[in-house]
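Here is the structure we will look at.
Residues take their numbers from the sequence shown, with the count starting at 1. Numbering of ligands and ligand atoms starts at 1, following listing order.
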Amino acid sequence: MPPIARPRGTNDLLPPDSALRAWVLDTHRQVAEAHGYELIDTPVFEATELYERGTGAGTDVVEKEMFSFTDRGGRGLTLRPEGTPGLLRAVLAAHLDQERRPVRVHFAGPMFRYARPQAGRYHEFWQVDIEAIGERSPALDAEVIEVAWRFYEALRVTGLSLQVNTLGDLDDRLRYRSALVAYYTPLQDRLCADCRRRLGVNPLRLLDCKRDAGLVAGAPEIGPSLSLESRSFFAQVTGFLDAAGIPFRLNPRLVRGLDYYAHTTFELWHESLQGAQNAVGGGGRYDGLAEVLGFPPTPGTGYALGVERTLAVCREQGLGPEPTRDRVVVLSIAEADRRAAAAVARALRGAGIAAVLDISDRRLDRRLSVAARQGARAAVMVGEEEAARGTATWKDLDTGRQQTAEVAEVAVALRRLLAGQ
Ligand code: HAM
C-alpha cells in the first residue's frame with residue numbers, strides 16, 4: 001500500500017523551518033504590539049455569505065478559489081480565504097468600536113484558497129494581518145503601511161518595493177468604471193474570455209489581467225476620475241509616508257483583487273519572488289465593507305502579509321533568528337543510570353534550565369558531539385558513581401572543562417553558563 005500523501009497545495013512545517021516561522025510570527029506580533037495593535041482570533045470557517053458579500057461575488061477568490069461546504073445542518077460554510085471580513089465582523093458584533101476608535105487588532109493564522117498550486121501559491125497558507133477599524137484618517141492608512149514596513153525592517157529583509165495607489169470613493173470609482181468601459185468596449189474582440197465577462201461585472205479587474213497586458217498599458221488611469229477630496233486624502237497618505245521616511249512607488253494600475261477597497265491600496269513586492277506571485281503582502285482601506293456585511297457604516301484599513309512568501313524571502317537572504325544555545329543535554333552513561341539521569345534533568349528543569357534527555361546507547365564521545373551540533377551548551381553526565389552520590393558531572397561543550405558537583409550546585413553553574421556569565 002503506498003503511503004498516504006500530503007494534500008495538494010499544502011505544506012508541512014518541519015524543524016528547523018518551524019523555528020524560522022515562529023521567529024517571523026513573533027517579530028510581527030512584537031512590531032504590531034509596539035504600535036498598539038492587540039491580538040484577535042476568529043473562526044477558521046465562516047458563513048459563505050460573509051465572503052460572497054464582503055470579499056465580493058465577482059472576485060477570483062469567491063468565484064473560483066473557495067473551499068466551501070455544507071454542514072450537517074445544511075448551512076453553507078467556507079474555510080476562510082482571507083481574514084478581513086471575519087475580523088471586521090468580530091469587532092463590530094462585539095461593539096469594540098464603541099469603546100475606542102480606532103480598534104487596532106493583529107492576527108496570524110491559516111487561510112485557504114483553491115488556486116492552482118505553484119511556488120508561492122498554496123491551498124493552505126498563513127497570513128499575518130493588522131486592521132485599524134473605526135476611523136477614516138489618512139494617518140491610519142500610513143500607519144498601517146508603516147507597520148508592514150517596520151516588520152520587514154525588523155526581519156532585516158531588503159529589496160522590497162512598496163506600491164501605493166488610490167481607488168477614490170464610490171463616485172470616483174463609478175466615473176472610472178465608465179472610463180474603462182468606454183475604453184474596453186470597442187476592444188472587446190481582443191479581450192480574453194475572463195476579461196470579456198468581467199467587463200460587464202467589474203471592469204477594474206481588467207487592469208489585473210496578465211494576458212491582456214498590452215491593452216492594460218493603454219487603459220485610462222484613475223487620476224482624472226478622482227474628486228478633489230479623494231486627491232487630498234491620498235496626498236495626505238503619501239505625505240505621512242514621506243515624513244516617516246518610507247520610500248514608495250505610485251502605481252495607478254494597482255487595483256487589488258478584492259472588492260471592498262476604497263481610497264488607499266498598497267502592495268509590497270519583492271524582487272526575488274516570481275511573476276504574479278511577487279507580492280509578499282497587500283492591503284488598503286475598506287470603508288464600505290461594514291455596511292455590506294449588515295453593520296452600521298464603519299471605516300477600516302489594514303493589510304495581510306503572506307507568511308510562506310515572507311519565509312521564502314528570508315531563506316533566500318539567509319535571515320533567521322540568532323542561533324541560541326540555551327539548553328543542556330543530560331546523558332546516562334549506562335542503561336542502569338537512566339532513572340537517575342531523568343531525575344537530574346527534572347531537577348534542572350525545575351531550576352529553569354531547558355534540559356534534553358539523551359537515552360541512546362551510542363559511544364559517549366559521539367553523543368557529546370551530536371549534542372554540541374544540536375545546540376547544547378553543556379552536557380550533564382550521570383554514571384554509576386553520580387547516581388549513588390546524588391551528584392552530576394557537567395561539561396562545557398565549548399571549552400571541554402568538566403566538573404562534578406551536587407545537582408543543585410550544577411544547576412547554579414549551568415544557569416550562569418547559559419546566561420553567558
Ligand atoms: P491578499 O492580497 O489577497 O489580501 O493577500 C495578502 C497576501 O497573502 C498576498 O500578498 C500573498 O503574500 C498571500 N497569499 C494570498 N494568496 C496566497 C496563496 N494562495 N498562497 C500563498 N500566499 C498567498 C488579503 O487577503 C486582504 N485580506 C488584505 C487586507 C487586510 N486588506 C485590508 N486588510
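Any N or O atom pair closer than 3.5 Å counts here, and R256 shares at least one such pair with ligand 1. Polar contact check, T301 against ligand 1: no nitrogen or oxygen pair lies under 3.5 Å apart. For G283, no nitrogen or oxygen atom sits less than 3.5 Å from a nitrogen or oxygen atom of ligand 1, counting backbone and side chain alike. Considering backbone and side-chain atoms together, D129 places no N or O closer than 3.5 Å to any N or O of ligand 1. At under 3.5 Å, not a single nitrogen or oxygen of E308, backbone or side chain, sits near a nitrogen or oxygen of ligand 1. Of the polar atoms of A279, at least one N or O is found under 3.5 Å from an N or O of ligand 1, judged by distance alone. At under 3.5 Å, a nitrogen or oxygen of Y260, whether backbone or side chain, sits near a nitrogen or oxygen of ligand 1.
Counting protein heavy atoms only, atom 3 (O) of ligand 1 is closest to R113 NH2, 2.9 Å. Among all protein heavy atoms, the one lying closest to atom 24 (C) of ligand 1 is L258 CD1, 3.6 Å. The nearest protein atom to atom 5 (O) of ligand 1, hydrogens excluded, is given as Q127 NE2, 3.2 Å; this is a heavy-atom distance. Here the heavy atom of the protein found nearest to atom 11 (C) of ligand 1 is R309 NH1, 3.4 Å. For atom 19 (N) of ligand 1, the closest non-hydrogen atom of the protein is Y122 O, 3.0 Å. When hydrogens are left out, the protein atom nearest atom 14 (N) of ligand 1 is F125 CE1, 3.4 Å; that is the closest non-hydrogen contact. Looking at atom 32 (C) of ligand 1, its nearest protein heavy atom turns out to be G302 O, 3.3 Å. Atom 13 (C) of ligand 1 has as its closest protein heavy atom G306 CA, 3.6 Å.
Salt bridge status for D208 with R256: absent, with no side-chain N to carboxylate O gap under 4.0 Å. Using a cutoff of 4.0 Å between basic side-chain nitrogens and carboxylate oxygens, D60 and R198 are scored as salt-bridged. Looking at E229 and R136, a side-chain N of the basic residue comes within less than 4.0 Å of a carboxylate O on the acidic one, giving a salt bridge. Between D172 and R231 there is no salt bridge, since no side-chain nitrogen of the basic residue lies less than 4.0 Å from a carboxylate oxygen of the acidic one. For R89 and E46, the salt-bridge test passes: some basic side-chain N is under 4.0 Å from an acidic carboxylate O. D12 and R6 are joined by a salt bridge, as a carboxylate oxygen and a charged side-chain nitrogen come within less than 4.0 angstrom of each other. Salt bridge annotation for D141-R285: present, with a cationic side-chain nitrogen under 4.0 angstrom from a carboxylate oxygen.
Within 6.0 Å of the CZ atom in R339, the count of heavy atoms belonging to other residues, nucleotides or ligands does not exceed 12.
At a 4.0 Å cut-off, not a single heavy atom of A115 sits close enough to ligand 1 to count as contact. At least one heavy atom of G120 sits closer than 4.0 Å to an atom of ligand 1.
The closest side-chain donor-acceptor pair between Y152 and T158, if any, does not fall under 3.5 angstrom.
Between H28 and F151, the angle of the ring planes goes over 60°, which puts this pair in the perpendicular group of the 30/60° scheme.
If you number the atoms of ligand 1 from 1 as listed, the ones under 4.0 Å from a heavy atom of T84 come out as 26 (C), 27 (N), 29 (C), 30 (C), 31 (N), 32 (C), 33 (N). The contact set between ligand 1 and E131, taken as ligand atoms under 4.0 Å from a residue heavy atom, comprises 30 (C), 32 (C), 33 (N). Each of the following atoms of ligand 1 lies closer than 4.0 Å to a heavy atom of Y261: 26 (C), 28 (C), 29 (C), 31 (N), 32 (C). In the vicinity of Y286, heavy-atom distances shorter than 4.0 Å reach the ligand 1 atoms 32 (C), 33 (N).
The minimum heavy-atom distance between I40 and F107, with the atom names listed, is O-CD1, 3.4 Å.
Looking only at side-chain heavy atoms (C-beta outward), P81 and M111 stay at 4.5 Å or farther from each other.
For the side-chain contact (heavy atoms from CB on, under 4.5 Å) test with R325, the passing option among L417, D398, L418 is D398; the others fail.
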